[in-house]
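Heads up: the structure comes next, in C-alpha cells.
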Amino acid sequence: GVSPSHAAPLAFLEYDFKPVAPVIHPDVANTFPSTDGHPMVLSKENANRARGAVWLLSGLGGTQPALFERLALASLNKYDLGGTYNTRQFCSQALANACIFALGRDGSPDAIMALGRIRRRIRDARIAAQVDKTMQAAAAAVGMSAIDLEETALPDFDIGPEGWTECIDGNELTLEIKAGGAEITCTSPSGKALKSLPAAVKSTEACKDMKAAADEIDALLPLIRWRLESSWLGHRKWPLENWRERYGEHPVARAVATTL
C-alpha cells in the first residue's frame, strides 16, 4: 500500500502529469501549455511542479524507481523548436535531473539498475556525466565502487537453473538465456515444439512479462560482456565468492561468463 504522505505526489506523477507519459497522445498535447515553443517542452512552471513532486516523494522515503526512470527518459526526449538554427530541446532537463537525483538517493538495487538503463540509452554527455556521478555517490555510500554496485544490482528475473517456464492453457512457455540473447520457446499440450506463439498465449500477462524480461536481458548481455572484457585491461580481481554470485551462478551473467 501507499502511505497517505506519499499518495498526493505519487498520484500527481502517475496520473496528472500527462506530458511525460511513455506515449504521448495528441489529445493531451496542450494540457500543460509550454512557453518554450513546443507543446511537449515543459514550461518552467510545470517542470517545477513535477520536480517538487519528485523531491517530495523522494524526501518522504518513497521508493518508486520504475516511475522515476520512466519520467527521466520521457523528460529527455528532444523536440524540434524550429527557427533559423533548427533548435532541439529536451522536454525538461530539470525534471530529468530531479529523477536522477531521486534514484541515486534511493540507492536500492532497482534504482541502480534504473540509472544504468538511463545511462545506456542517453547520448548527451552532460546527462551521462551526471548519471555517472550519481552512481558513484550511491556506491560510495555503501562502500563500493560503481561497477561493483551495478554488478550486485543485476536482476535475476527469478530465473532458475532450467530457465523460466510458464504453463498457459496447457502450452509450456520457456525462456532460456544464451550468450547471444534470451530465447522464448513454446511447446503445445501434445509436446510439439511450436514455431510461433499461439494468439491465446501472446495475449496473456505471463507471456507479456516474459517478453519484457527477454528484451531487458538482451539489452543487459552486451553490457555484461563489455564489463568482463574490460576487466582484463584493468587487471580486475574478484573474491571467488563474489565471482560465483555475480557471474558464475547468476542466471543472466553466467550465459556470458561461461563462454569466455
Side-chain angles (χ1 to χ4, degrees), residues 14 21-25 63-74 76-77 103 108-123 147 149-231 242-260:
E14 286 190 321
V23 177
I24 299 172
H25 192 279
T63 54
Q64 300 291 332
L67 174 62
F68 291 155
E69 177 186 1
R70 189 170 77 245
L71 287 170
L73 290 172
L76 292 172
N77 284 331
L103 287 168
S108 67
D110 286 343
I112 297 305
M113 291 306 299
L115 284 169
R117 286 190 293 269
I118 293 171
R119 178 64 178 84
R120 291 191 292 276
R121 290 182 60 178
I122 58 176
R123 295 294 179 266
I147 193 168
L149 188 60
E150 267 205 287
E151 285 178 346
T152 59
L154 185 69
D156 60 14
F157 302 94
D158 293 324
I159 298 173
E162 303 303 321
W164 173 0
T165 300
E166 297 280 355
C167 188
I168 304 171
D169 294 332
N171 297 285
E172 189 173 273
L173 199 63
T174 302
L175 184 148
E176 293 183 87
I177 305 173
K178 301 177 181 179
E183 180 179 318
I184 296 177
T185 58
C186 186
T187 304
S188 72
S190 65
K192 180 182 178 181
L194 302 177
K195 293 183 179 179
S196 60
L197 301 180
V201 172
K202 283 184 179 180
S203 62
T204 63
E205 289 301 316
C207 183
K208 291 176 182 178
D209 289 345
M210 187 176 285
K211 283 189 171 183
D215 289 342
E216 188 170 346
I217 290 167
D218 285 344
L220 286 170
L221 291 176
L223 176 64
I224 295 168
R225 180 173 292 277
W226 174 83
R227 278 189 199 146
L228 287 173
E229 291 176 348
S230 299
S231 68
N242 289 355
W243 170 263
R244 285 176 174 166
E245 178 184 353
R246 300 178 192 181
Y247 290 100
E249 297 175 359
H250 193 283
V252 178
R254 71 183 173 204
V256 176
T258 53
T259 64
L260 299 178

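- For the atom pair L197 CG and M210 CE, the distance stands at 9.5 Å (nearest 0.5 Å).
- With hydrogens and angles ignored, the 3.5 Å screen pairs a side-chain donor or acceptor of T152 with a backbone N or O of L149.
- Taken to the nearest 0.5 Å, the CG atom of L175 stands 9.0 Å off from the CD atom of E183.
- Put simply, the side chain of L194 does not reach to within 4.5 Å of the side chain of V201, judged on heavy atoms.
- A 4.5 Å side-chain heavy-atom check between T259 and R225 finds at least one atom pair inside the cut-off.
- Going from atom OG of S230 over to atom CD1 of I147 covers 7.5 Å, rounded to the nearest 0.5 Å.
- Looking at L173 and T204, their side chains never come closer than 4.5 Å, going by heavy atoms from C-beta outward.
- Minimum interatomic distance between V252 and L221 (heavy atoms only, all atoms of both residues): O-CD2, 3.8 Å.
- In terms of heavy-atom proximity, I177 sits nearest to P251 at CD1-O, 3.5 Å.
- Between C207 and I168, the shortest heavy-atom distance links the atoms N-CD1, 4.3 Å.
- In this structure, D218 contributes its side chain and A182 its backbone to a donor-acceptor pair below 3.5 Å.
- Closest non-hydrogen pair, L103 versus P65, comes out as CD2-CA, 3.6 Å.
- Residue S196 holds its OG atom at 6.0 Å from NZ of K202, rounded to the nearest 0.5 Å.
- The pair E151-R227 does not count as a salt bridge, with every side-chain nitrogen at least 4.0 angstrom from each carboxylate oxygen.
- Note that the OG atom of S188 and the CG atom of D169 stand 12.5 Å from one another [nearest 0.5 Å].
- Nearest heavy-atom pair across R254 and G248 is CB-O, 3.6 Å.
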Problem set entry | Verdict with supporting geometry, D156 and D158, side chain to side chain contact (heavy atoms under 4.5 Å, CB included) | CA-CA 5 Å; D156 60 14; D158 293 324; 3.9 Å; yes

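- Counting heavy atoms of neighbouring residues, nucleotides and ligands inside a 6.0 Å radius, atom CD of E245 does not exceed 12 of them.
- In terms of heavy atoms, P155 sits closest to H250 at O-CE1, 3.1 Å.
- Using a 4.5 Å heavy-atom cutoff, the side chains of E205 and K208 are in contact.
- Considering only heavy atoms from C-beta on, L220 comes within 4.5 Å of M113 through its side chain.
- By the 4.5 Å heavy-atom criterion applied to side chains, R246 and L154 are not counted as neighbours.
- Distance check: F68 CZ to L115 CG gives 11.5 Å after rounding to the nearest 0.5 Å.
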